[in-house]
Undergrad: 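Have a look at this one.
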Amino acid sequence: MSSNPLTGAPNAVGVPRHVAIVMDGNGRWAKKRLLPRVAGHKQGVDALRRTVRACLERHVQVLTVFAFSSENWNRPPEEVSGLMDLLVLALSREVPKLDKSGVRLHFPGDSSGLSPRLLQGLRKAEQTTAHNDRMVLNVCFNYGGRWDIVNAAKQLLAQGRDITEAGLCQTTALAHVGDPDLLIRTGGEMRISNFLLWQCAYSELFFTPCLWPDFDAAELDRAFQDYAGRERRFGLTSEQVRPSSPVAAASGSHA
Ligand code: IPE
Ligand code: IPE
Ligand code: MG
């Protein structure tokens, strides 16, 4: 059982402390119904609301979702502006509810390139929910894993610091929550698409064909069940990481 650095509360066995999700498949969901792509993104907001609730119920401590990538700017202009409008709308509708539920919001990503109005909304949502400690919700917006690493390296250089693993861990966009235990990707593609390149070095991966607007608590539980059966070795041998093994006890004493 691990404990929450934010609240000190214990985490249930088998439930990942930090879940990351590439919310993919909105466009295909809409296309199947002969709807415009943005209709799929709207349903995607509902799926995210359901998933936040399910994660709260399961005592997940950090949920990090990929909402808009550095590369998504290259989509048709009407889709990009539809996504921007949707974020503004979702902020005004969802932030008060998230605040009531004890969720602390962060929007990791490149703030340059976002409109001042949108940026103001994001910062306000972060401030409003800053006192919450039940769950952290990171909504990665205008985020790219390569941007994140380069940006962190630039910050270290600007501070006159060496570029080290520890320094990057303290400076990349999820430094406030640590690395994801489980990365879920919906929509059937088996790739990372420039999501958390640094932070997913040892995350367990779960790919599902389920399109994001169809994602629900049952699918989340399938991912958690799968995760619970994984052996996370972090480069060690199976014998070293098994809690009952005398080798694990011995190597644990050096940790
Ligand atoms: C993911 O769904 C949402 C964003 C990238 C903003 P997509 O829009 O990529 O859906 P598909 O992959 O085309 O079905
Ligand atoms: C990844 O999905 C980005 C988000 C979910 C926000 P994409 O649909 O952009 O990824 P690719 O193009 O299929 O790799
Ligand atoms: Mg996609």
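Read the numbers this way: they start at 1 and go in the same order the structure lists the ligands and their atoms.
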Undergrad: Is the distance between the Mg ion (ligand 3) and the nearest N/O/S atom of Glu189 smaller than 2.8 Å?
TA: no
Undergrad: Please confirm whether the ring centroid of Phe195 lies under 6.0 Å from the ring centroid of Phe66.
TA: yes
Undergrad: Whether the Gln43 and Arg33 side chains hold a donor-acceptor pair (N or O, under 3.5 Å, no angle test) is what I'd like checked.
TA: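 The answer is no; no qualifying pair exists.
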Undergrad: Contact residues of ligand 1 with a heavy-atom cut-off of under 4.0 Å?
TA: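 Answer by chain and number: Met23, Asp24, Gly25, Asn26, Gly27, Arg28, Arg37, His41, Ala67, Asn72, Arg75, Glu79, Leu83.
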Undergrad: Out of all atoms in ligand 2, which are within 4.0 Å of some heavy atom of Arg191? Include the element for each.
TA: 11 (P), 13 (O), 14 (O)
Undergrad: Could you pull out the atom name of the N/O/S atom in Asp24 that is nearest the Mg ion (ligand 3)?
TA: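 Going through the N, O and S atoms of Asp24 one by one, OD1 ends up nearest to the Mg ion (ligand 3).
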Undergrad: Check whether the side chains of Arg185 and Ser193 place a donor and an acceptor atom closer than 3.5 Å, and report yes or no.
TA: yes
Undergrad: Look at the rings of Trp147 and Tyr143 and say which category their plane angle falls in: under 30° parallel, 30 to 60° tilted, over 60° perpendicular.
TA: perpendicular
Undergrad: Between Ser238 and Arg242, do the side chains contain a donor N or O and an acceptor N or O under 3.5 Å apart?
TA: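 Yes - a donor-acceptor pair under 3.5 Å links their side chains.
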Undergrad: Just by distance, with hydrogens left out, do Asn26 and His41 show a side-chain donor and acceptor under 3.5 Å apart?
TA: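 A pair is found: one side chain offers a donor N or O, the other an acceptor, under 3.5 Å apart.
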Undergrad: Can you see whether Thr164 engages Asp162 through a side-chain donor-acceptor pair at a distance of less than 3.5 angstrom?
TA: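 Note: Thr164 and Asp162 side chains miss the donor-acceptor criterion.
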